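Everything below concerns the one structure shown next.
These values consider heavy atoms only, across backbone and side chains, with no hydrogens, waters or symmetry-generated copies. A quick note: this is a predicted structure, and the numbers were derived from the prediction, not measured.
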Amino acid sequence: MIMNWFTGSAKHTLDPKGRIFIPANYRDALGEDFTIGLNNDLRTIAFYPKERWDEKCRQLSVIPETDIVGRNYIRYILSHAYANSNLDNQGRVLIPTDLRDDFLDGAKEAKFMGVGDNLELWHPAKCTGLQIETDELVQNTLKYLNDTYFSKTQA
């Protein structure tokens, strides 16, 4: 049973140091020790509670080293992941520089979006309509990984 589910959305300002205030309604679900990384379709920043990140790593661990497509996906996900992240006393978190540069494009404000088992942080101009659609390459990679490793039916 899922106890803490991320829902809703909220906009907040990034301070000059790259910190952003995590809304109070997301803090309990996020927990004290979380990972900042990328969402599953590689489009934006995501926050994963420890248990969800551990599950994601278990899923990635079934992809063998000989699978080039799968390994490239793992490489991209893990090279953009910052485990053991936590909030300061004021409820803020520092967004790593590479994630800010690559996904927030210098924006002074960002939008949190609850997506169930994790929390996403979007550039405000990129989080509406067709702009959040997955591009064909990522969509094909995710389909391949799901078909190859995660969608097998057991007899």
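- Evaluated for a salt bridge (charged side-chain N to carboxylate O under 4.0 Å, His left out) with D54, the options K50, R52, K56 yield exactly one hit, K50.
- One hydrophobic cluster holds both Y82 and I77 under the rule that ILVMFWY side chains link at heavy-atom gaps under 4.5 Å.
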Worksheet item: Could you walk me through whether R58 and E55 pass the salt bridge (Lys or Arg N to Asp or Glu O under 4.0 Å) check?
Response: CA-CA 5 Å; R58 279 190 289 281; E55 175 59 27; 3.3 Å; yes
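- R71 and P64 make their closest contact through CD-O, 3.3 Å (heavy atoms, listed as atom of the first residue, atom of the second, distance).
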Practice prompt. Please test R27 against I22 for side-chain contact (heavy atoms from CB on, under 4.5 Å), starting from the C-alpha separation and ending with a verdict.
Written response: CA-CA 7 Å; R27 288 186 212 150; I22 302 289; 3.9 Å; yes
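- With N39 contributing its side chain and A46 its backbone, the two residues share no donor-acceptor pair below 3.5 Å.
- The minimum heavy-atom distance between V69 and Y144, with the atom names listed, is CG1-CD2, 3.8 Å.
- Between the side chains of D67 and Y73, no donor-acceptor pair is found at a separation under 3.5 Å.
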Worksheet item: Going through the distances and angles, do T44 and H123 end up as a side-chain contact (heavy atoms from CB on, under 4.5 Å)?
Response: CA-CA 8 Å; T44 197; H123 186 292; over 6 Å; no
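- The closest side-chain heavy-atom distance from F103 to I95 is not below 4.5 Å.
- Between atom CG of residue N146 and atom CD of residue Q59 there is a gap of 9.0 Å, rounded to the nearest 0.5 Å.
- The nearest pair of heavy atoms linking P49 to A29 is CG-O, 3.4 Å.
- Note that CD of E65 is 9.0 Å distant from CD1 of I74, once rounded to the nearest 0.5 Å.
- From F34, atom CZ reaches atom CG of L119 across 9.5 Å, with rounding to the nearest 0.5 Å.
- Pairing each heavy atom of F6 with each of D117, the nearest pair is CD1-C, 3.8 Å.
- In the hydrophobic clustering of this structure, Y48 groups with L142; members are Ile, Leu, Val, Met, Phe, Trp, Tyr whose side-chain heavy atoms approach within less than 4.5 Å, directly or through other members.
- Hydrophobic cluster membership is shared by L87 and I20, with clusters built from Ile, Leu, Val, Met, Phe, Trp and Tyr side chains linked at under 4.5 angstrom.
- Here the closest non-hydrogen pair linking Q90 and D88 is N-OD1, 2.9 Å.
- Here CD1 of I36 is found 11.0 Å from CH2 of W53. Values are rounded to the nearest 0.5 Å.
- Going from atom CG of D105 over to atom CZ of R100 covers 12.5 Å, rounded to the nearest 0.5 Å.
- Using a 30° and 60° split on the angle between ring planes, F112 and Y26 fall in the tilted class, from 30° to 60°.
- If you take CG on L104 and CD1 on I45, they are separated by 4.0 Å, rounding to the nearest 0.5 Å.
- Contact detail for G70 and I63: the closest heavy-atom pair is CA-CG2, 3.7 Å.
- Under the 3.5 Å distance criterion, the side-chain polar atoms of T7 are left unmatched by any main-chain donor or acceptor of G114.
- The closest donor-acceptor contact from the side chain of T148 to the backbone of L145 lies at 3.5 Å or more, if one exists at all.
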